[in-house]
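Take a look at the structure set out below.
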Protein chains: 2
Amino acid sequence: MRLAELSARSGVSTATIKFYLREGLLPPGRRLSATQAEYDGTHLRRLRLVRALIQVGGVPVATAREVLAAVDDEGLTRHDRLGAAVWAIPQPAPARTREATAEETAAARTQVAALLQRLGWPSEDLDSPPGQALVRTVAALAGLGYPHDAEGLLPYARAAERAAEADLDMLEHFTSEEEQVEASVALTVLHEPVLLALRRLAQAQESARRTGRPEEW
Amino acid sequence: MRLAELSARSGVSTATIKFYLREGLLPPGRRLSATQAEYDGTHLRRLRLVRALIQVGGVPVATAREVLAAVDDEGLTRHDRLGAAVWAIPQPAPARTREATAEETAAARTQVAALLQRLGWPSEDLDSPPGQALVRTVAALAGLGYPHDAEGLLPYARAAERAAEADLDMLEHFTSEEEQVEASVALTVLHEPVLLALRRLAQAQESARRTGRPEEW
DNA sequence: ACGTCTGGATAGTGTCACTATCCAAGCATG
DNA sequence: CATGCTTGGATAGTGACACTATCCAGACGT
């Protein structure tokens, strides 16, 4: 298919597709002549993944390029590609009202380490990108007057475990390695709004349940 | 305290505080003279809440103003204020690669309705802000080649229920109504990165568990 | 052959959260 | 009272970033 058709099928304007080509988020099409190129289904899939990352995930273009490079890296095992790709997706930045003092960060680190131990998760995770993001966020929370310890974080970790089980179940439906890696990135990003929307609905439900005033919500 | 002290204590520059005052995110201080005003602890708390909303939640300034108006609305019951405030917080926008066709949206609505019924949650939630966000996201997911039915969403809803229980438990630690409403907004926003970071750690853990290759992650 | 479409290059737009600069009116000290 | 610093307020500017508008010359289709 040509650029115009790729645009029509994806709903992304030709100008934007050109922009992604320029930025290296989308591999160039097969050149037919000096002014002609052809795209295929892989471009369409990749384009959708790019949109998911940028629009839903809020991932900057430069970071998306890195994530996609990991997705494409043939030299890695499936697991490494999957991990590299997913961990390259940036986390939402925690509050920076005060940059979190060194003491707050140290305390947060201690609590997160305790949490990992309690969960039986490897302590190296503390230095992984999501682990660091967690420490930063917990430190920021403390700075905002909402201190958390391992005990308080535990229920959220249990909830996260359930979500992760669902994620992995879903991934197993995909057969090819290529699809699995792409799906892991796409679903990591795309299920975030799902989980957060459900959380708000569950908050309403739980609040109604506790106060016995279902009609208020 | 004066503006300079408010700035020092919050870590927010005076220029930014002036900007928030101008935008109506922060109520004006008590005027001491034509060129002097005094701020107190409520300003400091509010300022932290504003930062949490804008920096962590990514809430636009205009929306933050609405959320804060709901927080301040004395005419509402605690529950209404809480609900109004939290539901005014925008959801992450779902993919808009194709705006999701009408059929996709209708199908998504059906599945979400089935999910609500299955959970025993009120069907009116379907039209609440988070409910609509969920429908839009599910429709977008279908458009990206990841269809979901009520069955597939259920595990995420279970995870969300756990998170919501933890949220409500946490809220009960706050005594005054003012604090509870503020905390509900702050924690709704601030726990999002916590939950998402934990989810990624849990994904790694779960993947390692399933493949028996813990050293890969 | 001739109007349309193509891919490529370049520069511009819109949004949005700040931020730099001025200004005139206090306040604090000699 | 003078002088220099600070204060709150108003105005315009900045920087980041994801696009987007315009041009262009070379195919392609009829």
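Worth saying up front: this structure is predicted, and the values here are computed from it rather than measured. In what follows, chains carry the letters A, B, and so on, assigned in the order in which the sequence lines appear, proteins first and then strands, with residues in each chain numbered from 1.
Going from atom CG of L21(B) over to atom P of dG8(D) covers 9 Å, rounded to whole Å. Nucleotide dT6(D) holds its C1' atom 13 Å from the OH atom of Y39(B), rounded to whole Å. Atom-to-atom, CG of L3(B) to C1' of dG9(D) comes out at 11 Å; the value is rounded to the nearest Å. A straight line from CZ of R30(A) to C1' of dT6(C) spans 15 Å, rounded to a whole angstrom. In this entry the distance linking CD1 of I17(B) with C1' of dA17(C) reads 15 Å, nearest Å.
For the side chain to side chain contact (heavy atoms under 4.5 Å, CB included) with V138(B), the qualifying choice from T110(B), D149(B), L153(B) is L153(B), the only one to do so. Checking L44(B), L47(B), L6(B), L26(B) one by one against Y39(B), the side chain to side chain contact (heavy atoms under 4.5 Å, CB included) holds for a single residue, L6(B).
Classification of R109(A) and D127(A) as a salt-bridged pair holds, one side-chain N sitting under 4.0 Å from a carboxylate O. Between E192(B) and R200(A) there is a salt bridge, since at least one side-chain N of the basic residue sits less than 4.0 Å from a carboxylate O of the acidic one.
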Sequence-aligned protein contact record of nucleotides 11-30 of chain D, with B where the base is within under 4.0 Å of a protein heavy atom and S where only the sugar-phosphate is: B------SBB-----SSS--

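Q203(A) and D167(B) share a donor-acceptor pair across their side chains, judged by distance under 3.5 Å alone.
Put simply, the side chain of S10(B) reaches to within 4.5 Å of the side chain of I17(B), judged on heavy atoms.
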